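Please read these numbers as outputs of a predicted model, since none were measured by experiment. Numbers restart at 1 for each chain; the letters A, B, ... are given by sequence-line order, proteins then strands.
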Number of protein chains: 2
Amino acid sequence: MKGLGELERSIMDILWAHNAPLTAREVGRLIADRDLAPTTVMTVLDRLTRKGFLNRTRDGRAWRYKPGESRDAYVAELMLEALDMTGDRSAALTRFAQTVSGSEAEILRKALTELEEE
Amino acid sequence: MKGLGELERSIMDILWAHNAPLTAREVGRLIADRDLAPTTVMTVLDRLTRKGFLNRTRDGRAWRYKPGESRDAYVAELMLEALDMTGDRSAALTRFAQTVSGSEAEILRKALTELEEE
DNA sequence: CTCGGCCTCTACACGACGTAGTACTACTCG
DNA sequence: CGAGTAGTACTACGTCGTGTAGAGGCCGAG
């Protein structure tokens, strides 16, 4: 799957933060602090689409982009991918469980418990 | 922290699989299927050291390399790093818990339970 | 018909990584 | 003691991903 670059992630963040699909121009406006050329934003949106992170639909002459999956799903995928890198998933998982903070352990526990009940 | 390249990972895998620190030559022999020049292996070992993934100590004229941390620790770190990418850690964690397979959920549960008991 | 906006295509610089050569040093065997 | 061998450091080059953007084409509004 592979990680994203810095700008790519910023743009994904913007799109993840909005429910509605945005046009390149709108994204450009929202990322104004970086003072990017409009074409830069378009290029990145295009690449993200090609990579499967975004879907786009026509809106007049413009495209509207929206994320293919939620940020949470993406993060979970990244975590699983990291996990795949080890020969011993069990050891890595255990290690992970030991490493997360207490409150996060709590969240995990809760999620797992709910899982069990279904 | 950043991920590793393909060759870098292969080499880390070899070192992670051995308890004793290895020399460049030894690593080269163990990775023989790729038919790499000895200098290639050295260069990569050197880069990994510079990046903090390996520690090296002298052994005569040669260096012996060993991983700075276990593979499990590395994987756990990668997972945490992915987790850091989200605004809502709780949601991502929950999602993750729901995504792992049943047996892995079991492992996680167990690790978390043990944590609790300490 | 013309202008402004939006698109597509193409491009370039830079850093990471795979890959390796060259040159220097020092032990080892005859 | 001289030559070969192993090991090191330094340098280099091609490729790919990513940030960044220009040039030019198409189309709807006025």
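- If you measure from atom CD1 of A:Ile11 to atom P of D:dG19, you get 8 Å, rounded to the nearest angstrom.
- Within the 4.0 Å cut-off from OP1 or OP2 of C:dC17, not a single side-chain nitrogen or oxygen of B:Arg9 is found.
- Judged by distance alone, the side chain of A:Arg64 and the main-chain N or O of A:Thr57 form no donor-acceptor pair under 3.5 Å.
- For the pair A:Arg29 and A:Glu26, the salt-bridge criterion is not met [side-chain N within less than 4.0 Å of a carboxylate O].
- Contact between the side-chain N/O atoms of B:Arg34 and the OP1/OP2 oxygens of C:dT19 is found at a separation under 4.0 Å.
- Nucleic acid contact for A:Gly3: sugar-phosphate only, since backbone atoms but no base atoms lie under 4.0 Å from a heavy atom of the residue.
- Although no hydrogens or angles enter the test, the distance criterion places no donor-acceptor pair under 3.5 Å between the side chain of A:Arg56 and the main chain of A:Trp63.
- Dashed line: the shortest gap from a side-chain N or O of B:Thr40 to OP1 or OP2 of C:dG18 is not under 4.0 Å.
- A sub-4.0 Å separation between OP1 or OP2 of C:dT8 and a side-chain N or O of A:Arg56 is present.
- Nearest heavy atom pair, residue A:Ala82 against residue B:Met79, reads CB-CG, 3.7 Å.
- When the side-chain nitrogen and oxygen atoms of A:Arg61 are compared with OP1 and OP2 of D:dC26, none of them lie within a distance under 4.0 Å.
- Closest to the side chain of B:Ala24, from the set D:dT8, C:dT8, D:dG19, is D:dT8.
- For the pair B:Asp46 CG and C:dG21 P, the computed distance is 18 Å after rounding to whole Å.
- Spacing between atom CD1 of A:Ile31 and atom P of D:dG19 amounts to 10 Å, rounded to whole angstrom units.
- Of the possible donor and acceptor atoms, none in the side chain of B:Asp59 sits under 3.5 Å from a partner among the backbone N and O of B:Ala62.
- Between the OH atom of B:Tyr65 and the C1' atom of D:dT8 there is a distance of 9 Å, given to the nearest Å.
- Summarising the geometry, the separation between CZ on A:Arg29 and P on C:dG5 is reported as 10 Å, rounded to the nearest angstrom.
- Donor-acceptor pairing under 3.5 Å, judged by distance alone, is present between the side chain of B:Thr39 and the base of C:dG21.
- Look at A:Lys51 and you'll find a side-chain N or O under 4.0 angstrom from OP1 or OP2 of D:dT18.
- Within 4.0 Å of A:Thr43, counting heavy atoms only, lies at least one base atom of the nucleic acid.
- Straight-line distance from the CZ atom of A:Arg58 to the C1' atom of C:dT8: 10 Å, rounded to whole Å.
- You'll find a donor-acceptor pair under 3.5 Å spanning the side chain of B:Arg47 and the base of C:dG18, going by distance alone.
- If you take CG of B:Asp33 and P of C:dG18, they are 15 Å apart, rounded to a whole angstrom.
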